[in-house]
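Working notes, beginning with the structure itself.
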Amino acid sequence: IMSSTSWSSYSLRRLKYNDPTLTSLDLSSMIIDDSRIISIASSVKCNSTLTTLDLHDNLIGADGTAAIVEALIVNTSLRSLFLNDNRSIG
């Protein structure tokens with residue numbers, strides 16, 4: 001059985017390499033800050049299969065939010081995005 005940290009690392013690798021079986025990713029409550037979300041957003045931008053991304057209860061601020069918005073302009077597959085309870089976005 002994988003720990004939640006190991007599972008998240010594995011899922012992030014799947015996101016980065018555009019794994020066609022990855023459709024949902026829960027990264028809630030993982031203490032993700034702007035520097036980490038910028039990297040994640042870069043992968044989301046290029047991903048074509050992810051439909052749900054849960055980033056609630058993290059430390060995402062203005063720079064991270066801007067990176068997510070930029071990714072959403074390009075990504076056409078994401079349908080559900082959860083950002084509640086973050087540092088500067090509520």
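Hydrogens, waters and symmetry mates are skipped; everything else that's a heavy atom, side chains included, is used. Worth saying up front: this structure is predicted, and the values here are computed from it rather than measured.
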Can you tell me how far apart [atom1] ([X]) and [atom2] ([Y]) are? Round to the nearest 0.5 Å.
| X | Y | atom1 | atom2 | value |
| --- | --- | --- | --- | --- |
| L55 | S28 | CG | OG | 8.5 Å |
| D85 | I60 | CG | CD1 | 11.0 Å |
| I73 | I68 | CD1 | CD1 | 12.5 Å |
| I32 | H56 | CD1 | NE2 | 11.0 Å |
| S43 | I38 | OG | CD1 | 12.5 Å |
| K16 | S11 | NZ | OG | 14.5 Å |

Quiz item: Can you list every pair that meets side-chain hydrogen bond (donor to acceptor under 3.5 Å, both in side chains) and has a residue in residues 70-79, with sequence neighbours left out?
Solution: K45-E70, N75-S77
Self-check item: Heavy-atom pair with the smallest gap, counting every atom of A71 and A41
Solution: CB-O, 3.3 Å
A side-chain contact here means heavy atoms from C-beta on lying under 4.5 Å apart; do [X] and [Y] qualify?
| X | Y | result |
| --- | --- | --- |
| D26 | F82 | no |
| I37 | I40 | yes |
| L15 | D19 | no |
| R36 | L27 | no |

Quiz item: Can you name the residues that form a side-chain hydrogen bond (donor to acceptor under 3.5 Å, both in side chains) with S35, not counting sequence neighbours?
Solution: D33
Exercise. Could you list the residues that satisfy side-chain hydrogen bond (donor to acceptor under 3.5 Å, both in side chains) with S39, not counting sequence neighbours?
Key: none
Exercise. With sequence neighbours left out, write down each residue that passes salt bridge (Lys or Arg N to Asp or Glu O under 4.0 Å) with D54, or none if nothing qualifies.
Key: none
Self-check item: Listed partners of T23 passing side-chain contact (heavy atoms from CB on, under 4.5 Å), at least two apart
Solution: T51
Quiz item: In chain order, what residues pass the side-chain contact (heavy atoms from CB on, under 4.5 Å) check against S48, with sequence neighbours excluded?
Solution: N18
Self-check item: N47 side-chain N/O to T49 backbone N/O, donor-acceptor pair under 3.5 Å
Solution: yes
Quiz item: Can you list every salt bridge (Lys or Arg N to Asp or Glu O under 4.0 Å) pair that touches residues 55-64, not counting sequence neighbours?
Solution: none
Quiz item: For L59, what are the other residues in its hydrophobic cluster, where any two members join if their side-chain heavy atoms are less than 4.5 angstrom apart?
Solution: I31
